[in-house]
Protein chains: 2
Amino acid sequence: MNDTKPSGPIAAAVALFTIRERLEFLRLEGEHGRIPSVPLEEGETLEACARRALWEAAGIEDVFLEQLYTFDGRLGGPRVVVAYYALAPHDRLRIRRSGVGWMDPTRASTLVEEHRTIVERACERLAGKLEYAPIAYQFLADRFTLGELQSVYEIIGRQTLDKRNFRRRIRASWDLVETHDARREGPHRPARLYRLRDARPPLEG
Amino acid sequence: MNDTKPSGPIAAAVALFTIRERLEFLRLEGEHGRIPSVPLEEGETLEACARRALWEAAGIEDVFLEQLYTFDGRLGGPRVVVAYYALAPHDRLRIRRSGVGWMDPTRASTLVEEHRTIVERACERLAGKLEYAPIAYQFLADRFTLGELQSVYEIIGRQTLDKRNFRRRIRASWDLVETHDARREGPHRPARLYRLRDARPPLEG
DNA sequence: ACAAAAGTGTTCCTGTTACACCCATGT
DNA sequence: ACATGGGTGTAACAGGAACACTTTTGT
């Protein structure tokens, strides 16, 4: 491909995050590092446009998506770029295109500046919302262990947490439902599975 | 005027708030209630566009301005509307155009829907940021009394606060500098004037 | 048997709340 | 003199932080 995109005045860009072992975001491979981004089409909503960016870049759909910020575009590009961030559990993602891969946000400096800014601000927003919005759950399956949940908090918040305090706090903040199942995996005691009761998506603006 | 605006694909809309006795926002008078909004011009940044909206509507400049959210436009209007909120102390505002006035946000329902949403979400954002961002100070002059500051918190937070607790909390959260001046006004003890030391504007996104 | 993560309570400390009186001034 | 908002401290309470051991499993 070349650098001249078929660009309208408005584009949506999406930083898609997932957690494998660390936090990672979806990056288009190529000379200039970029994240998925497409121009807004006629009759399309901004959110639909953002979802299409993920679909066209990687064949990914059905992710949690939230608007981040709107930036002035660079010369030769769209006039404005509406940035979104997306979250999904890693195992629910199936990348169906080549030329995309996962990258550690601490290496966002290899992206074009505009997209680097988006990734960095998305990370800050994520850490900020962790405590008052149910975003951590977006990285997990419907049923999850408290250990998995704690890992998400630790990875996004960039600090280790005390297990007992974490459990008390999380049970006070969110309406977790203890299922009767457990997950057996590895040479240790099985972990009870939980669900988040009222997993209403946050509003925010 | 009529309903067909000379509209490009992108517009900025601004909800300007001030505090007189209550919280108020700047409204364009007319059949359909609106807030200032103009299409983005060639070579103009979004923020400049938002400032121009205030300037063209009311001759207002030099306000604190922060992006709120980007909305899909309505049919017949711009394709996207980038919403901002602005804050300023009332006495620093000089309205230099006719056809604009102040309105209580609780009466935002008289606005066109898109602008009503902007005003409502701006109010929520304001209340939410009150505790961790120095937005209250944007409603005050450089030097202010703690009583004035408390009024701002009470008005935006929609609750009365205990004077002693407020003072302790505010002095713990912000770096306030006690000046040697006081303000004499009314049949009571003069109030000491304070400045906010490091009044760095919040980043946010 | 042992290695590995799951699970569980108590104490301490810090920050938040509730609360009442004197001060300096203008009229 | 009195009415008005400015200014101050303390005790009770709640939420957060620090901290160690037992349980259940796979190998």
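All heavy atoms count here, side chains included; hydrogens, waters and symmetry mates do not. Here the structure is a predicted model, which is why all the values come from computation and not from measurement. Per chain, numbering begins at 1; letters A, B, ... match sequence-line order.
Across C:dA4, D:dC19, D:dG7, the shortest atom-to-atom separation from the side chain of B:A191 is found for D:dG7. With D:dG7, C:dA4, D:dT24 as the choices, the nucleotide that has an atom nearest any side-chain atom of A:P190 turns out to be D:dT24.
Ring orientation note: the planes of B:F64 and B:Y85 are tilted relative to one another, at an angle of 30° to 60°.
Remark: A:R97 qualifies as a cation-pi partner of A:W55 under the 6.0 Å distance and 45° angle criteria applied to the six-membered ring.
Rounded to whole Å, atom P of D:dT8 lies 15 Å from atom CD1 of B:I170. One can place CZ of B:R167 at 17 Å from P of D:dT10, the figure rounded to the nearest angstrom. As rounded to whole Å, 15 Å separates atom C1' of D:dG15 from atom CG of A:D162. Taking atom CD of residue A:E185 and atom C1' of nucleotide D:dT27, one finds them 16 Å apart after rounding to whole Å. Here D:dT8 presents its P atom at 14 Å from CZ of B:F166, a figure rounded to the nearest Å. Rounded to whole angstrom, the span from the CZ atom of B:R184 across to the P atom of D:dG6 amounts to 15 Å. In this entry the distance linking CG of A:L149 with P of C:dA5 reads 18 Å, nearest Å. To the nearest angstrom, P of D:dG16 lies 13 Å from CG of A:L161.
At the heavy-atom level, A:R168 lies under 4.0 Å from base atoms of the strands shown.
Between the side chain of A:R164 and the base of D:dA20 there is at least one donor-acceptor pair of N/O atoms closer than 3.5 Å. Taking only distance into account, the side chain of A:R183 never meets the base of C:dA6 through a donor-acceptor pair shorter than 3.5 Å.
Residues A:P187 and A:N165 each lie close to DNA chain C; by heavy-atom proximity, the contact nearer the 5' end of the strand is made by A:P187. Heavy-atom nearest nucleotides on DNA chain D were determined for A:G186 and for A:K163, and the one closer to the 5' end corresponds to A:K163.
Listed pair B:R189 / D:dT4 fails the phosphate criterion, with no side-chain N or O lying under 4.0 Å from OP1 or OP2. Listed pair A:R192 / C:dA6 fails the phosphate criterion, with no side-chain N or O lying under 4.0 Å from OP1 or OP2.
Using a cutoff of 4.0 Å between basic side-chain nitrogens and carboxylate oxygens, A:K129 and A:E66 are scored as salt-bridged.
Under the 6.0 Å cut-off for aromatic ring centres, B:Y137 and B:F139 do not qualify, their centroids lying 6.0 Å or more apart.
Here A:Y194 pairs with nothing under the ring pair (Phe, Tyr, Trp, His ring centres under 6.0 Å) rule; sequence neighbours left out.
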